[in-house]
Structure formats: C-alpha cells, structure tokens
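Values below: all heavy atoms of this structure, side chains included; hydrogens, waters and symmetry mates excluded. Note that the numbering runs from 1 along the sequence shown for the chain.
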Amino acid sequence: MMDSQENALVNASPVEETGKQQEEVTNVETATAATTAEAAPEAETEAHATKVEEAAAEAEATAEVEATAEVEATAAETEAPAEPHEEHKVYNSKQEVLARVKEIAHSEEVPQKEEVDYLKTVFYKLHIAEREAKLKDYLEGGGDPEAYQITPDETEEAFKAEMGIIKERRQQLFREQEAEKETNLKRKLEIIEKIKGMVTSPEEASKTYQDFKTLQQEWRDIKAVPADKANELWRNYQLYVEQFYDLLKLNSEARELDFKKNMEAKTRLCEAAEKLAEESDVISAFHQLQKLHQDYREIGPVSKELREEVWQRFKNASTVINKRHQQYFDDMRAREDENLAKKTALCEKVEAIIAEENKNSSDWERHTQEIITVQQEWKTIGFAPQKMNVKIFERFRAACDDFFARKAEHFKTMKDNFKENADKKRALIEKAKALQDSTEWRSTSDKLIALQKEWKTIGMVPKKLGDQLWEEFLGACNKFFEARNAAGAGQRGEEHKNLELKRDVIARLTAVADEGGDDVQEKVQQLTEEYNAIGHVPFKEKDKLYAEYHAVLDRLYKELNVSVARKRLSKFKDSLRQVAERGEGALDSERQRLVRQYDALKQEIQTYENNLGFLTASSKKGNSLIDEMNRKVQKLKDDMQLVKEKIKAIDVQNASAE
C-alpha cells in the first residue's frame with residue numbers, strides 16, 4: 001500500500017474521468033466524419049433519384065478519405081495528458097488553491113476539467129514539498145526516522161471534500177448531457193419522420209415548403225446526439241432532404257438564392273477556421289474548430305461548381321489547426337522525456353553522494369548541502385511522462401530519505417557520546433571543587449594534576465558547552481594553585497632552580513641526539529630519569545618546557561625505534577629456523593598470530609586517529625594531549641610495520657622451503 005505522499009502523487013495526475021473524455025472525443029470524431037461526408041459534392045437538386053443515390057455513394061467514398069486526418073488529430077487529444085496552460089494563475093500556498101476550489105464547488109460556473117486538474121496538481125505539489133520540509137527539519141534536529149509520524153492535514157481533508165463536490169457536479173453534468181443527447185436524438189428522428197411524410201408528390205412538396213424550411217431550422221438548432229447514432233441519423237436526414245428537393249422542382253432563381261445564402265455561410269466558416277491559425281491557445285483553437293465543423297455540416301448545399309472549392313478551403317484551414325494541435329502534444333511529450341532524463345541524472349547524482357563515506361561531521365554537512373542543492377534543482381524541473389512520474393520521484397525520495405536517516409542516526413550516536421563525555425567532565429569538576437580549598441599542598445596538587453590528565457582522556461563535547469566546562473574546571477584548579485602559590489611564595493626560588501636544571505637536561509638530551517653512538521638508549525634512559533626526578537617549575541613555563549622536552553625526546557625515540565626495530569627484525573629472522581624445526585605448521589601458526597597482531601594494531605591506530613579528528617576539529621586547547629596521542633600513533637605504526645616485515649620474512653622462509 002502506498003503512503004500518503006505516494007497517494008498524493010497519483011491523485012495529482014490528470015487521469016480522472018478518462019471514460020468521459022473518450023466519450024466526448026468519440027462524439028467529435030463522429031461529427032468530423034459526418035461533416036466530411038456532407039461536404040463532398042452533393043447531388044444535383046434537380047437530378048433523378050438514381051443520381052441522388054450515386055452522389056451519396058460518392059460522398060461516402062470521399063468522407064472515408066477526408067475523415068482520416070480529422071479523426072487522427074482528434075485522437076491525439078485523447079492520448080495526451082492534461083497540461084496546465086501558461087495563463088493559469090500561479091498559486092503560492094495550499095490555502096489559495098483551496099479557496100479557488102471552494103469557489104468552483106459552490107458557484108454556478110461549470111467546472112472545467114483542465115483547471116480542476118491543474119489545481120489538483122498544484123495543491124499536491126505544495127503539499128508534498130511542505131511534508132518533506134517538516135521531515136527534513138525533524139531529521140536534522142536529531143529525530144528518530146522510525147518514530148516519525150505524519151500528522152493529519154486539515155487543509156488536505158478540506159481539499160478532498162471540495163474536490164468530491166466538484167467531481168459529483170461534473171458527473172451530474174455528464175449525465176445531464178447524455179440525457180439531452182437522447183432527447184435530441186428523439187427530436188431529430190421525429191423531424192426525419194415529418195420530412196419523410198412530406199416526400200410524397202411534387203404538389204405536396206410545394207405546399208409544405210415553408211414547413212420543410214422550419215423543420216430544417218429546427219434540425220440545425222438541435223445540438224449533439226449519441227455518438228453511435230450520429231452518422232446513420234445524418235445519412236437518413238440527408239437522404240429525405242435530397243428527395244424533398246428532387247420533388248420540389250423549385251425554379252432556378254429560388255434555387256440559386258438558396259445556393260448563394262449557403263455559400264455565404266460556408267465562406268464565413270472558412271474565414272473563421274483560417275483565423276484560428278492566429279489563436280495562441282492551441283487547445284482552444286482545436287475545440288473551436290470542432291464547433292465550426294458541426295456548423296458547416298448543418299448548412300445546406302451550394303452550387304455544384306463551387307462545392308469542391310469551398311470544401312477544400314475549409315479542409316485546408318482545418319489541416320493547419322490539426323497539425324498545430326498534434327505538434328503541441330508532440331512537443332509536450334518531448335519536454336516530458338527531457339524532464340525524465342534530467343530527473344534520472346539527479347537521482348544518480350544523489351545516489352553517488354550517499355555512496356561516499358562520511359568520516360566526520362564535516363563530511364555529513366557537506367553532503368547535506370550537496371543534496372539540498374540537488375533537491376532545489378529538482379523543483380525547477382517539470383513533469384516526467386505520466387507512467388514514469390511517480391516512479392522517478394519515489395527513486396529520488398528513497399535516496400534522500402536513506403541519507404537523512406543515516407545522518408540522523410550518526411548525530412544521535414554523537415549526541416549520546418557528547419552527553420556521556422559531558423557527564424564525565426562534570427564529575428571531574430565536582431572532584432576539583434571538593435579539593436579547591438584544601439591546604440594539603442603536595443597531595444592535593446598531585447590529585448588535581450591526576451584529574452587534569454584524566455580530563456584530557458575524555459572525548460569531545462559541543463564546543464560551547466566544552467568551553468564552559470573547561471572554564472569551570474580550570475577555575476577550581478586555579479583557585480587551589482593560586483592559594484598554594486600564595487602560601488608557598490618561598491618555593492618560587494626552588495621552582496626557578498628546577499627550571500634551570502630541567503633546561504640543562506634538555507640541552508644534554510639534544511647533544512645526545514646530535515652525537516649518536518651505541519649507548520644512546522642508556523644515556524636517554526638516564527637523562528629522562530634525572531629529568532623526572534626534578535621538582536616543579538614555574539607554572540607559566542611549564543607548557544613551553546614540556547614542548548621542548550618532548551620535541552627532543554620524539555627525535556631520539558624515532559631514531560631509537562628504527563634501530564631497535566631493525567635489531568628485533570634481525571633477531572626474529574634468526575629464530576625462524578628454530579620455529580620451523582618445531583614441526584609442520586609451526587611457521588603458519590606464527591604467521592597467523594602475527595596477522596592477528598597486525599589487525600589489532602591497525603584497529604588501535606584507527607581509534608586514535610578518530611579521537612584525534614574530534615580533538616583537532618573542536619578544541620583549541622589540550623595541544624599536549626594531541627601531541628601525546630600523535631606520538632602513540634607513530635609508535636603503533638612503527639610496531640605495525642615491524643609486524644608486517646616479520647610476516648614477509650615468514651613468507652620468504654616458506655617459499656625457500658618449497
């Protein structure tokens with residue numbers, strides 16, 4: 001079952017009352033064919049009955065050829081979907097559309113299907129856009145996609161109710177039109193019977209001429225009849241009219257006067273048909289042409305030498321309108337195919353975006369903006385072909401929904417992590433505040449320093465909250481240390497002395513790094529122990545000194561790691577023979593153990609790098625923690641490279657054994 005949005009799309013398509021459209025088109029086709037039959041050369045009014053039959057046969061043959069173009073042009077309108085006219089009013093809200101629908105439903109004006117279809121399409125386009133905007137806001141606000149519920153729309157319910165009234169009015173109008181056609185059929189059959197009764201003798205025909213003219217006018221005043229009866233009805237009427245004229249034997253002057261009046265009337269219809277070529281509304285021009293055809297066939301005959309000429313002129317003008325009508329729908333179908341191609345390309349673009357990996361929040365936001373841009377472009381494209389319009393939209397919506405659902409889940413997880421981290425930091429703040437008034441300087445200093453180290457291990461929180469928590473934590477720490485400094489002002493000299501001692505150790509470490517030698521590791525170990533044994537330094541110098549100390553250590557450890565790694569690899573290669581001697585499969589077992597170790601190191605590196613990404617993106621402080629984590633990552637990478645070399649050594653050993 002389709003959801004509400006899918007129903008909206010189906011309802012918005014102009015497919016209502018297709019059967020009624022086909023019935024109306026059938027009427028037009030029949031009328032066109034009948035007009036063509038009448039317009040063929042009529043029988044001579046003074047000809048014998050046999051000549052009348054020959055002329056009628058010729059008219060039928062001509063009608064069969066000429067009616068083809070008319071019927072094909074009319075059929076084009078049947079197949080083509082409804083297309084809003086350019087002059088239709090632009091509606092910017094559902095309330096405006098609803099107001100117009102209410103006006104149509106409760107006024108005396110006849111509901112025009114074209115406008116009703118247009119209003120329906122516009123309403124649901126606005127309705128879907130509004131619903132998607134609400135869903136998007138919900139998802140971007142961290143809402144759960146599975147918990148989202150579509151709220152009832154009172155405007156939509158009111159719209160459906162008014163459209164139901166309009167539909168009922170249209171159906172009632174259709175029933176009334178059908179009933180009127182049946183009444184018209186009955187009246188025309190009565191006229192035929194009356195004319196048939198007049199066709200008895202020339203004398204009777206002369207006496208009833210005025211009655212005959214009255215019946216002809218009455219026939220013209222009667223409009224549409226059921227489509228399946230129109231041709232036969234017209235042929236019977238034309239047969240008895242011709243027979244009446246044969247019996248009437250009017251004088252030449254009266255007959256010529258009739259011919260002249262008929263010629264003037266048909267000429268006016270030709271001019272009207274030719275003027276339709278200037279009509280900007282192609283659909284309106286086509287329907288006006290059908291009315292002209294109806295009028296044309298109701299007009300009596302013209303002189304024999306002008307019959308073909310006037311009919312050809314009228315037919316030529318009709319051909320122009322029919323070709324414009326056909327071209328209009330051909331162009332519309334071409335536009336719809338082009339729109340389908342554009343929308344397919346946008347679907348592929350969104351699908352490519354959601355296939356890309358989102359490593360962090362910046363990636364999610366960047367891809368969100370890209371998809372929103374595509375959605376805006378989608379709104380500028382018109383309808384695709386009716387059979388594909390819903391399908392292509394469902395494909396586009398499914399891709400967008402998938403992305404925003406995964407984005408909501410990502411930020412929900414991040415929000416949970418932020419909350420957990422914030423709770424941990426608040427707990428540390430409470431501990432720091434509990435210690436801020438302590439006078440046990442040594443032990444409390446160690447405890448606060450431990451809390452600071454623990455603070456650095458906690459993950460990210462939102463920046464604004466993070467800054468607030470950090471200031472609160474730092475305030476508690478500073479309160480203690482300021483009190484301690486005030487109480488132990490005499491210790492400052494010792495701290496400055498410690499500063500000089502630590503700088504001396506850093507200088508000696510730098511010299512070791514420059515000189516190198518086989519005993520570098522021992523010297524480094526000795527100097528680091530000496531450095532760590534020295535007491536506190538002035539607080540303002542602590543960070544700078546820390547950076548200098550670890551900069552030279554990083555350099556030394558890097559060189560030591562390379563050297564140690566080479567030794568460890570060489571030792572491992574020497575031990576491979578002993579491993580192989582343990583028995584078959586010993587090397588494979590060792591290799592599997594190393595592969596597991598390699599994967600574990602790789603996973604650990606990934607974890608550190610993810611944490612580094614959070615720290616780098618959200619905090620300007622805590623640089624020492626970032627440096628420490630970078631050193632750990634580099635050490636892990638060196639270890640992973642060593643494991644990789646060991647695996648390679650086993651593979652070489654296995655290859656040589658084979």
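In this structure, Glu96 does not pair ionically with Arg100, as no charged nitrogen and carboxylate oxygen lie closer than 4.0 Å. Electrostatic pairing of Lys160 and Glu156 counts as a salt bridge here, judged by a charged N lying under 4.0 Å from a carboxylate O. Electrostatic pairing of Glu190 and Arg187 does not count as a salt bridge here, judged by no charged N lying under 4.0 Å from a carboxylate O. Under a 4.0 Å N-O distance rule, the pair Arg313/Glu274 qualifies as a salt bridge. A salt bridge is defined here as a Lys NZ or Arg NE, NH1 or NH2 lying under 4.0 Å from an Asp or Glu carboxylate O, and Asp416 with Lys412 meets this definition. Ion pair Glu140/Lys136 flagged as a salt bridge, since at least one NZ, NE, NH1 or NH2 atom sits closer than 4.0 Å to an Asp/Glu carboxylate oxygen. Salt bridge present: Asp363 and Arg366 bring a charged side-chain N and a carboxylate O closer than 4.0 Å. Contact check on Glu430 versus Arg426 returns no salt bridge, with no Lys/Arg side-chain nitrogen under 4.0 Å from an Asp/Glu carboxylate oxygen. Glu351 and Arg395 are joined by a salt bridge, as a carboxylate oxygen and a charged side-chain nitrogen come within less than 4.0 angstrom of each other. A salt bridge does not link Glu232 to Lys188: none of the charged nitrogens lies less than 4.0 Å from a carboxylate oxygen.
Taking a 6.0 Å sphere around CD of Glu154, one finds it holds 12 or fewer heavy atoms contributed by other residues, nucleotides or ligands. Annotation: Glu180, atom CD; neighbour count of heavy atoms from other residues, nucleotides and ligands within 6.0 Å does not exceed 12. Annotation for Gln217: atom CD counts as buried by contact number, over 12 foreign heavy atoms lying within 6.0 Å.
At a threshold of 4.5 Å between non-hydrogen side-chain atoms, the residues Arg335 and Met332 count as touching. Side-chain contact between Tyr118 and Tyr91 is present, with heavy atoms from C-beta onward closer than 4.5 Å. Contact annotation: the side chain of Glu336 never approaches that of Leu340 to less than 4.5 Å [non-hydrogen atoms, C-beta and beyond]. With contacts defined as side-chain heavy-atom distances shorter than 4.5 Å, the pair Val282/Ile321 does not qualify. Looking at Ile222 and Thr183, their side chains never come closer than 4.5 Å, going by heavy atoms from C-beta outward. At least one side-chain heavy atom of Arg397 sits under 4.5 Å from a side-chain heavy atom of Glu132. A heavy-atom distance below 4.5 Å is found between the side chains of Lys407 and Glu365.
Relative ring orientation between Phe396 and Trp378 is described as parallel, the plane-to-plane angle staying below 30° on a 0-90° scale split at 30° and 60°.
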Inset, instruction - Starting from the C-alpha separation in whole Å, work towards a yes-or-no answer on salt bridge (Lys or Arg N to Asp or Glu O under 4.0 Å) for Lys94 and Asp153. - result: CA-CA 11 Å; Lys94 295 190 296 183; Asp153 188 339; 2.4 Å; yes
Inset, instruction - Kindly determine whether Lys186 and Glu182 satisfy salt bridge (Lys or Arg N to Asp or Glu O under 4.0 Å), including the steps that lead there. - result: CA-CA 6 Å; Lys186 182 178 179 181; Glu182 291 294 337; over 6 Å; no
Legend entry - Evaluation steps, salt bridge (Lys or Arg N to Asp or Glu O under 4.0 Å), between Lys415 and Glu420: CA-CA 9 Å; Lys415 185 177 180 181; Glu420 181 180 350; over 6 Å; no
Inset, instruction - Under the side-chain contact (heavy atoms from CB on, under 4.5 Å) rule, what do Leu119 and Met163 come out as? Steps first, then yes or no, please. - result: CA-CA 10 Å; Leu119 291 170; Met163 289 298 287; 5.8 Å; no
Legend entry - Chi angles and distances behind the side-chain contact (heavy atoms from CB on, under 4.5 Å) call for Gln369, Ile372: CA-CA 5 Å; Gln369 292 306 315; Ile372 290 175; 4.3 Å; yes
Inset, instruction - Report the C-alpha separation of Gln326 and Asn322 in whole Å, then their side-chain angles, then the decisive distance to 0.1 Å, and conclude whether the side chain to side chain donor-acceptor pair (under 3.5 Å) test is met. - result: CA-CA 6 Å; Gln326 182 63 40; Asn322 289 332; over 6 Å; no
Inset, instruction - Kindly indicate, with the supporting measurements, whether the criterion side-chain contact (heavy atoms from CB on, under 4.5 Å) is fulfilled by Val310 and Tyr296. - result: CA-CA 11 Å; Val310 71; Tyr296 191 97; 3.6 Å; yes
Legend entry - Full working for side-chain contact (heavy atoms from CB on, under 4.5 Å) between His293 and Arg297: CA-CA 6 Å; His293 272 266; Arg297 74 175 188 170; over 6 Å; no
Inset, instruction - Mind running salt bridge (Lys or Arg N to Asp or Glu O under 4.0 Å) on Glu178 and Lys181 for me, showing each step along the way? - result: CA-CA 5 Å; Glu178 291 302 303; Lys181 289 178 184 178; 3.3 Å; yes
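Side-chain N or O atoms of Asn339 include none that pairs as donor or acceptor with a backbone N or O of Ile381 at under 3.5 Å. Within the 3.5 Å criterion, the main-chain N or O of Ile299 finds no donor-acceptor partner in the side chain of Arg220. Between the side chain of Gln112 and the backbone N or O of Glu114 there is no donor-acceptor pair closer than 3.5 Å. Looking only at distances, a side-chain donor or acceptor of Arg406 sits under 3.5 Å from a matching main-chain atom of Ile354. Checked by atom type and distance alone, the side chain of Asn358 never pairs as donor or acceptor with a backbone atom of Asn360 at under 3.5 Å. Side chain of Asp402 to backbone of Ala398: no donor-acceptor contact under 3.5 angstrom is found. A donor-acceptor distance shorter than 3.5 angstrom exists from the side chain of Asn389 to the backbone of Ala384, with no hydrogens or angles considered. Of the possible polar contacts, one joining the Gln290 side chain to the Phe286 backbone as a donor-acceptor pair under 3.5 Å is found. Here the side chain of Arg170 pairs a donor or acceptor atom with the backbone of Pro111 at under 3.5 angstrom. The closest donor-acceptor contact from the side chain of Arg235 to the backbone of Ala230 lies at 3.5 Å or more, if one exists at all.
Distance CD/Glu472 to NZ/Lys425: 12.5 Å, rounded to 0.5 Å. With rounding to the nearest 0.5 Å, the separation of CZ in Arg169 from OG in Ser107 is 5.5 Å. Note: Thr155 OG1 to Leu98 CG = 6.5 Å, rounded to the nearest 0.5 Å. Note that the CG atom of Leu185 and the CG atom of Asp228 stand 8.5 Å from one another [nearest 0.5 Å]. Here Leu276 contributes atom CG and His325 contributes atom NE2; the two are 12.5 Å apart, rounded to the nearest 0.5 Å. To the nearest 0.5 Å, atoms CZ (Phe404) and CD (Glu409) are separated by 16.0 Å.
Trp455 is linked by a ring-ring contact (aromatic ring centres under 6.0 Å, His included) to Trp470, Phe473, counting only residues two or more places apart in sequence or in another chain. With sequence neighbours excluded, the residues satisfying side chain to side chain contact (heavy atoms under 4.5 Å, CB included) with Glu338 are Lys342. Residues forming a side-chain hydrogen bond (donor to acceptor under 3.5 Å, both in side chains) with Lys419 (at least two apart in sequence, or on another chain): Asp423.
Checked against a 6.0 Å centroid threshold, the rings of Trp364 and Phe403 count as neighbours. Outside the 6.0 Å centre-distance limit, the rings of Phe159 and His127 are not counted as a close aromatic pair.
In summary, the side chains of Gln172 and Glu168 do not present any donor paired with an acceptor at a separation below 3.5 Å, with no hydrogens or angles considered. Looking at Gln376 and Thr380, their side chains never bring a donor and an acceptor atom within 3.5 Å of each other.
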